[in-house]
Protein chains: 2
Amino acid sequence: MKRSDEAPVDSIDRAILDRLTVDARATFGQIGAAVGLSAPAVKRRIDKLEETGIIRGYTAVVDHSRLDRPLEAFTELRFTGDARVDEIAAIGEGIPEVEAVFTMAGDPDALVWLRVRDVRDLKRVVDRLRGSGQVAGTKTMMVLGATTFPSTLSP
Amino acid sequence: MKRSDEAPVDSIDRAILDRLTVDARATFGQIGAAVGLSAPAVKRRIDKLEETGIIRGYTAVVDHSRLDRPLEAFTELRFTGDARVDEIAAIGEGIPEVEAVFTMAGDPDALVWLRVRDVRDLKRVVDRLRGSGQVAGTKTMMVLGATTFPSTLSP
DNA sequence: TATGAAAGGTTGGCCGC
DNA sequence: GCGGCCAACCTTTCATA
(Lines give C-alpha, C1' and ligand atoms only; values in the text may rest on other atoms or scores of the structure.)
Protein backbone atom coordinates (compact mmCIF):
# COMPACT_ATOMS: atom_id res chain seq x y z
CA MET A 1 0.00 0.00 0.00
CA LYS A 2 1.12 3.48 -0.83
CA ARG A 3 2.59 5.52 2.02
CA SER A 4 0.07 8.35 1.61
CA ASP A 5 1.97 9.92 4.46
CA GLU A 6 1.89 13.32 6.00
CA ALA A 7 -1.13 15.06 4.53
CA PRO A 8 -0.02 18.62 5.15
CA VAL A 9 -3.39 20.27 4.61
CA ASP A 10 -2.55 23.95 4.87
CA SER A 11 -4.86 26.96 4.96
CA ILE A 12 -4.96 27.22 1.16
CA ASP A 13 -6.02 23.56 0.90
CA ARG A 14 -8.73 24.28 3.44
CA ALA A 15 -9.95 27.22 1.39
CA ILE A 16 -10.04 25.01 -1.70
CA LEU A 17 -12.01 22.33 0.18
CA ASP A 18 -14.36 25.02 1.38
CA ARG A 19 -15.01 26.19 -2.17
CA LEU A 20 -15.50 22.63 -3.48
CA THR A 21 -17.90 21.89 -0.62
CA VAL A 22 -20.03 24.86 -1.65
CA ASP A 23 -19.78 24.16 -5.39
CA ALA A 24 -18.06 21.01 -6.55
CA ARG A 25 -18.44 22.03 -10.19
CA ALA A 26 -16.50 25.29 -9.85
CA THR A 27 -13.69 25.63 -12.41
CA PHE A 28 -10.05 25.65 -11.33
CA GLY A 29 -9.91 29.28 -12.42
CA GLN A 30 -12.84 30.27 -10.21
CA ILE A 31 -11.35 28.45 -7.24
CA GLY A 32 -7.99 30.02 -7.95
CA ALA A 33 -9.53 33.50 -7.98
CA ALA A 34 -11.09 32.78 -4.58
CA VAL A 35 -7.93 31.44 -2.96
CA GLY A 36 -5.30 33.53 -4.76
CA LEU A 37 -3.68 30.87 -6.94
CA SER A 38 -3.46 30.14 -10.65
CA ALA A 39 -5.68 27.46 -12.17
CA PRO A 40 -2.82 24.95 -12.68
CA ALA A 41 -1.71 25.40 -9.08
CA VAL A 42 -5.25 24.70 -7.88
CA LYS A 43 -5.42 21.61 -10.06
CA ARG A 44 -2.19 20.24 -8.63
CA ARG A 45 -3.44 20.72 -5.06
CA ILE A 46 -6.80 19.13 -5.82
CA ASP A 47 -5.08 16.19 -7.54
CA LYS A 48 -3.04 15.64 -4.38
CA LEU A 49 -6.07 15.94 -2.10
CA GLU A 50 -7.79 13.28 -4.22
CA GLU A 51 -4.74 11.00 -4.20
CA THR A 52 -4.33 11.18 -0.46
CA GLY A 53 -8.04 10.50 0.02
CA ILE A 54 -8.88 13.76 1.76
CA ILE A 55 -11.30 14.33 -1.11
CA ARG A 56 -13.31 11.13 -1.52
CA GLY A 57 -15.36 12.31 -4.48
CA TYR A 58 -17.94 14.76 -5.66
CA THR A 59 -21.70 14.37 -5.55
CA ALA A 60 -24.86 16.17 -6.59
CA VAL A 61 -27.23 17.26 -3.82
CA VAL A 62 -30.60 16.01 -4.99
CA ASP A 63 -34.04 16.91 -3.60
CA HIS A 64 -35.28 13.38 -2.97
CA SER A 65 -38.58 14.62 -1.58
CA ARG A 66 -39.54 15.35 -5.20
CA LEU A 67 -38.29 12.07 -6.63
CA ASP A 68 -39.20 8.45 -6.07
CA ARG A 69 -38.14 8.09 -2.44
CA PRO A 70 -39.74 11.00 -0.58
CA LEU A 71 -39.89 9.35 2.85
CA GLU A 72 -36.98 9.45 5.30
CA ALA A 73 -36.55 7.47 8.51
CA PHE A 74 -33.95 6.45 11.05
CA THR A 75 -33.85 2.93 12.43
CA GLU A 76 -31.98 2.18 15.64
CA LEU A 77 -30.50 -1.31 15.64
CA ARG A 78 -29.59 -3.45 18.62
CA PHE A 79 -27.39 -6.44 17.93
CA THR A 80 -26.75 -9.71 19.69
CA GLY A 81 -23.66 -9.76 21.87
CA ASP A 82 -21.52 -11.70 19.43
CA ALA A 83 -21.73 -9.12 16.61
CA ARG A 84 -18.51 -7.29 15.79
CA VAL A 85 -18.62 -3.56 14.97
CA ASP A 86 -17.43 -4.16 11.41
CA GLU A 87 -20.21 -6.66 10.87
CA ILE A 88 -22.71 -4.13 12.18
CA ALA A 89 -21.39 -1.46 9.81
CA ALA A 90 -21.85 -3.81 6.85
CA ILE A 91 -25.58 -4.22 7.32
CA GLY A 92 -26.41 -1.58 4.71
CA GLU A 93 -24.54 -3.41 1.95
CA GLY A 94 -26.74 -4.08 -1.02
CA ILE A 95 -29.81 -2.29 0.33
CA PRO A 96 -30.31 0.74 -1.91
CA GLU A 97 -32.74 2.36 0.54
CA VAL A 98 -29.93 2.69 3.08
CA GLU A 99 -28.40 6.14 2.86
CA ALA A 100 -25.90 5.65 5.69
CA VAL A 101 -25.06 3.40 8.63
CA PHE A 102 -23.59 4.92 11.78
CA THR A 103 -22.18 2.52 14.33
CA MET A 104 -22.59 3.93 17.80
CA ALA A 105 -20.89 3.80 21.16
CA GLY A 106 -23.46 2.67 23.70
CA ASP A 107 -27.10 2.13 22.95
CA PRO A 108 -28.23 1.62 20.18
CA ASP A 109 -25.45 -0.25 18.34
CA ALA A 110 -26.25 1.39 15.01
CA LEU A 111 -28.32 4.15 13.50
CA VAL A 112 -29.46 3.50 9.93
CA TRP A 113 -30.60 6.41 7.76
CA LEU A 114 -33.22 5.27 5.27
CA ARG A 115 -34.89 6.83 2.25
CA VAL A 116 -37.95 4.96 1.00
CA ARG A 117 -40.90 5.28 -1.35
CA ASP A 118 -43.68 4.92 1.22
CA VAL A 119 -44.60 3.24 4.50
CA ARG A 120 -45.06 -0.12 2.81
CA ASP A 121 -41.56 0.16 1.43
CA LEU A 122 -40.28 1.14 4.87
CA LYS A 123 -41.78 -1.98 6.36
CA ARG A 124 -40.09 -4.13 3.73
CA VAL A 125 -36.68 -2.55 4.36
CA VAL A 126 -36.97 -2.77 8.14
CA ASP A 127 -37.92 -6.42 7.84
CA ARG A 128 -34.88 -6.96 5.67
CA LEU A 129 -32.65 -5.34 8.29
CA ARG A 130 -34.26 -7.43 11.01
CA GLY A 131 -33.69 -10.58 9.00
CA SER A 132 -29.96 -9.99 8.61
CA GLY A 133 -29.25 -12.28 11.57
CA GLN A 134 -27.68 -10.94 14.76
CA VAL A 135 -30.22 -8.10 14.91
CA ALA A 136 -31.82 -8.29 18.34
CA GLY A 137 -34.21 -5.38 17.98
CA THR A 138 -35.10 -2.24 16.05
CA LYS A 139 -36.80 1.07 16.69
CA THR A 140 -37.80 3.13 13.68
CA MET A 141 -38.49 6.86 13.68
CA MET A 142 -39.95 8.83 10.79
CA VAL A 143 -38.37 12.07 9.64
CA LEU A 144 -40.69 15.08 9.32
CA GLY A 145 -38.08 17.32 7.75
CA ALA A 146 -34.33 17.49 7.20
CA THR A 147 -32.07 20.50 7.07
CA THR A 148 -28.49 19.90 6.02
CA PHE A 149 -25.83 22.53 6.39
CA PRO A 150 -23.11 23.08 3.81
CA SER A 151 -20.41 21.78 6.14
CA THR A 152 -18.34 24.94 6.25
CA LEU A 153 -14.76 24.22 7.23
CA SER A 154 -13.71 27.77 7.94
CA PRO A 155 -14.82 28.86 11.44
CA MET B 1 -42.24 33.01 -7.51
CA LYS B 2 -41.91 31.06 -10.68
CA ARG B 3 -44.34 28.21 -11.14
CA SER B 4 -41.63 25.65 -11.82
CA ASP B 5 -44.53 23.28 -12.38
CA GLU B 6 -44.66 19.68 -13.37
CA ALA B 7 -41.15 18.38 -13.05
CA PRO B 8 -41.35 15.53 -15.56
CA VAL B 9 -38.25 13.67 -14.45
CA ASP B 10 -37.98 10.89 -17.01
CA SER B 11 -35.65 7.91 -17.10
CA ILE B 12 -32.92 9.86 -18.89
CA ASP B 13 -33.04 12.56 -16.20
CA ARG B 14 -32.74 9.83 -13.62
CA ALA B 15 -29.70 8.40 -15.38
CA ILE B 16 -28.14 11.87 -15.44
CA LEU B 17 -28.83 12.34 -11.71
CA ASP B 18 -27.31 8.95 -11.10
CA ARG B 19 -24.11 9.93 -12.92
CA LEU B 20 -23.89 13.29 -11.13
CA THR B 21 -24.40 11.57 -7.79
CA VAL B 22 -21.44 9.31 -8.49
CA ASP B 23 -19.24 12.07 -9.94
CA ALA B 24 -20.50 15.63 -9.81
CA ARG B 25 -17.47 16.86 -11.77
CA ALA B 26 -18.10 14.68 -14.81
CA THR B 27 -18.20 16.64 -18.08
CA PHE B 28 -21.41 16.95 -20.09
CA GLY B 29 -19.78 14.84 -22.76
CA GLN B 30 -18.99 12.01 -20.32
CA ILE B 31 -22.52 12.08 -18.96
CA GLY B 32 -23.89 12.17 -22.50
CA ALA B 33 -21.85 9.10 -23.45
CA ALA B 34 -23.30 7.27 -20.43
CA VAL B 35 -26.91 8.19 -21.10
CA GLY B 36 -26.89 8.31 -24.90
CA LEU B 37 -27.26 12.04 -25.49
CA SER B 38 -25.11 14.85 -26.92
CA ALA B 39 -23.35 17.22 -24.54
CA PRO B 40 -25.65 20.19 -25.29
CA ALA B 41 -28.71 18.03 -24.67
CA VAL B 42 -27.30 16.96 -21.32
CA LYS B 43 -26.56 20.57 -20.42
CA ARG B 44 -30.14 21.66 -21.15
CA ARG B 45 -31.54 18.87 -18.98
CA ILE B 46 -29.18 19.64 -16.11
CA ASP B 47 -30.00 23.36 -16.39
CA LYS B 48 -33.67 22.50 -16.05
CA LEU B 49 -33.07 20.14 -13.10
CA GLU B 50 -31.18 22.95 -11.37
CA GLU B 51 -33.90 25.53 -12.13
CA THR B 52 -36.68 23.34 -10.82
CA GLY B 53 -34.68 22.61 -7.68
CA ILE B 54 -34.38 18.86 -8.20
CA ILE B 55 -30.63 19.43 -8.17
CA ARG B 56 -29.86 21.60 -5.15
CA GLY B 57 -26.14 21.87 -5.76
CA TYR B 58 -22.87 19.96 -5.91
CA THR B 59 -20.51 19.19 -3.08
CA ALA B 60 -17.18 17.54 -2.42
CA VAL B 61 -17.17 14.43 -0.22
CA VAL B 62 -14.42 15.14 2.29
CA ASP B 63 -12.80 12.72 4.74
CA HIS B 64 -13.37 14.73 7.91
CA SER B 65 -11.76 12.07 10.07
CA ARG B 66 -8.44 13.33 8.68
CA LEU B 67 -9.21 17.02 9.08
CA ASP B 68 -10.01 19.26 12.01
CA ARG B 69 -13.32 17.72 13.10
CA PRO B 70 -12.74 13.97 13.36
CA LEU B 71 -15.45 13.23 15.94
CA GLU B 72 -19.06 12.55 15.00
CA ALA B 73 -22.09 12.36 17.27
CA PHE B 74 -25.87 12.40 17.22
CA THR B 75 -27.85 14.35 19.79
CA GLU B 76 -31.51 13.60 20.39
CA LEU B 77 -33.46 16.70 21.37
CA ARG B 78 -36.70 16.89 23.30
CA PHE B 79 -38.55 20.20 23.21
CA THR B 80 -41.07 21.89 25.44
CA GLY B 81 -44.67 21.49 24.32
CA ASP B 82 -44.98 24.97 22.85
CA ALA B 83 -42.18 24.53 20.27
CA ARG B 84 -43.31 24.46 16.63
CA VAL B 85 -41.65 22.04 14.21
CA ASP B 86 -40.18 24.87 12.12
CA GLU B 87 -38.61 26.36 15.24
CA ILE B 88 -37.15 22.97 16.08
CA ALA B 89 -35.68 22.62 12.59
CA ALA B 90 -33.97 26.00 12.90
CA ILE B 91 -31.89 25.04 15.93
CA GLY B 92 -28.82 24.27 13.81
CA GLU B 93 -28.68 27.77 12.31
CA GLY B 94 -25.35 29.40 12.88
CA ILE B 95 -23.71 26.42 14.58
CA PRO B 96 -21.01 25.21 12.19
CA GLU B 97 -20.59 21.91 14.03
CA VAL B 98 -24.16 20.95 13.04
CA GLU B 99 -24.09 18.81 9.93
CA ALA B 100 -27.85 18.27 9.75
CA VAL B 101 -31.04 18.54 11.78
CA PHE B 102 -33.79 15.96 11.33
CA THR B 103 -37.15 16.75 12.87
CA MET B 104 -38.86 13.54 13.90
CA ALA B 105 -42.34 12.18 14.31
CA GLY B 106 -42.68 10.89 17.87
CA ASP B 107 -39.84 10.76 20.33
CA PRO B 108 -37.30 12.46 20.17
CA ASP B 109 -38.43 15.70 18.51
CA ALA B 110 -35.17 16.11 16.62
CA LEU B 111 -31.97 14.30 15.79
CA VAL B 112 -28.93 16.53 15.33
CA TRP B 113 -25.91 15.23 13.46
CA LEU B 114 -22.72 16.81 14.80
CA ARG B 115 -19.09 16.90 13.71
CA VAL B 116 -16.68 18.22 16.32
CA ARG B 117 -12.99 18.53 17.10
CA ASP B 118 -12.99 16.58 20.37
CA VAL B 119 -15.05 15.74 23.43
CA ARG B 120 -14.51 19.17 24.91
CA ASP B 121 -15.86 20.71 21.72
CA LEU B 122 -18.81 18.33 21.84
CA LYS B 123 -19.66 19.48 25.32
CA ARG B 124 -19.60 23.10 24.21
CA VAL B 125 -21.90 22.45 21.24
CA VAL B 126 -24.37 20.36 23.26
CA ASP B 127 -24.50 23.12 25.88
CA ARG B 128 -25.21 25.60 23.13
CA LEU B 129 -28.09 23.45 21.84
CA ARG B 130 -29.42 23.08 25.37
CA GLY B 131 -29.29 26.81 25.86
CA SER B 132 -31.40 27.57 22.80
CA GLY B 133 -34.51 27.83 24.99
CA GLN B 134 -37.41 25.40 24.57
CA VAL B 135 -35.00 22.43 24.74
CA ALA B 136 -36.34 20.17 27.48
CA GLY B 137 -33.69 17.49 27.29
CA THR B 138 -30.88 15.93 25.25
CA LYS B 139 -29.27 12.55 24.78
CA THR B 140 -25.97 12.41 22.93
CA MET B 141 -24.49 9.33 21.28
CA MET B 142 -20.98 9.07 19.85
CA VAL B 143 -20.39 7.65 16.39
CA LEU B 144 -17.80 4.88 16.12
CA GLY B 145 -17.88 4.76 12.33
CA ALA B 146 -19.97 5.97 9.42
CA THR B 147 -20.59 4.32 6.08
CA THR B 148 -22.45 6.35 3.51
CA PHE B 149 -23.79 4.81 0.35
CA PRO B 150 -23.67 6.61 -2.99
CA SER B 151 -27.44 7.02 -3.02
CA THR B 152 -28.06 5.12 -6.23
CA LEU B 153 -31.37 6.08 -7.78
CA SER B 154 -31.65 3.27 -10.27
CA PRO B 155 -33.12 0.13 -8.64
C1' DT C 1 -31.90 17.43 -30.76
C1' DA C 2 -27.89 17.85 -33.56
C1' DT C 3 -24.25 20.61 -35.69
C1' DG C 4 -20.48 23.64 -35.92
C1' DA C 5 -17.69 27.51 -34.51
C1' DA C 6 -16.10 30.78 -30.99
C1' DA C 7 -15.08 31.27 -26.21
C1' DG C 8 -13.33 29.42 -22.33
C1' DG C 9 -11.46 25.50 -19.25
C1' DT C 10 -8.09 21.76 -18.55
C1' DT C 11 -3.65 19.84 -18.41
C1' DG C 12 1.29 18.82 -19.09
C1' DG C 13 5.87 20.80 -19.86
C1' DC C 14 9.15 24.02 -18.58
C1' DC C 15 11.18 27.57 -15.95
C1' DG C 16 12.15 30.25 -11.75
C1' DC C 17 11.93 30.76 -6.88
C1' DG D 1 9.01 21.25 -3.55
C1' DC D 2 5.68 24.59 -5.22
C1' DG D 3 3.80 28.20 -8.14
C1' DG D 4 3.41 30.78 -12.65
C1' DC D 5 3.23 30.75 -17.56
C1' DC D 6 2.27 28.97 -22.04
C1' DA D 7 0.33 26.07 -25.61
C1' DA D 8 -2.28 22.16 -27.19
C1' DC D 9 -6.33 20.04 -26.51
C1' DC D 10 -10.92 19.40 -24.83
C1' DT D 11 -15.36 21.23 -23.19
C1' DT D 12 -18.93 24.53 -23.00
C1' DT D 13 -22.14 27.44 -25.08
C1' DC D 14 -24.75 29.68 -28.51
C1' DA D 15 -26.48 30.31 -33.04
C1' DT D 16 -28.66 27.85 -36.49
C1' DA D 17 -31.18 24.36 -38.76
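Below, all heavy atoms of this structure are taken into account, side chains as well, without hydrogens, waters or symmetry copies. To find a chain, count down the sequence lines: A is the first, B the second, and so on, and within it residues start at 1.
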Charged N to carboxylate O under 4.0 angstrom, A:R45 versus A:D10?
yes
Between CG of A:D10 and P of D:dG3 the distance, given in whole Å, is 8 Å
CG of B:D23 versus P of D:dT11: gap in Å, rounded?
13 Å
Is B:R128 paired with B:E97 through a side-chain N to carboxylate O contact shorter than 4.0 Å?
no
Between A:F28 (CZ) and C:dG12 (P), how many Å, whole number?
10 Å
I'd like to know if A:D47 pairs up with A:K43 as an ion pair, taking the criterion as any Lys NZ or Arg NE/NH1/NH2 lying under 4.0 Å from an Asp or Glu carboxylate oxygen.
yes
Send over the distance from A:R25 CZ to C:dG9 P, rounded to a whole Å.
14 Å
Verify the contact: side-chain N or O of B:R44 to OP1 or OP2 of D:dT13, cut-off strictly under 4.0 Å; return yes or no.
no
Spacing between A:D47 atom CG and D:dG1 atom C1', to the nearest angstrom
16 Å
Between C:dT1, C:dT10, D:dG4, spot the one nearest the side chain of B:R45, thanks.
C:dT1
When you check the phosphate oxygens OP1 and OP2 of D:dG3, does a side-chain N or O of A:S38 lie under 4.0 Å from one of them?
no
Heavy-atom donor-acceptor pair, A:R25 side chain to B:A24 backbone, under 3.5 Å
yes
Between atom CD in A:Q30 and atom P in C:dT10, what is the gap in whole Å?
8 Å
Any A:K43 side-chain nitrogen or oxygen under 4.0 Å from OP1 or OP2 of D:dG3:
no
Listed nucleotide nearest any side-chain atom of B:P40, set D:dG3, D:dC14, C:dT1
D:dC14
Whole Å only: how far is the CD1 atom of A:I46 from the C1' atom of C:dG12?
16 Å
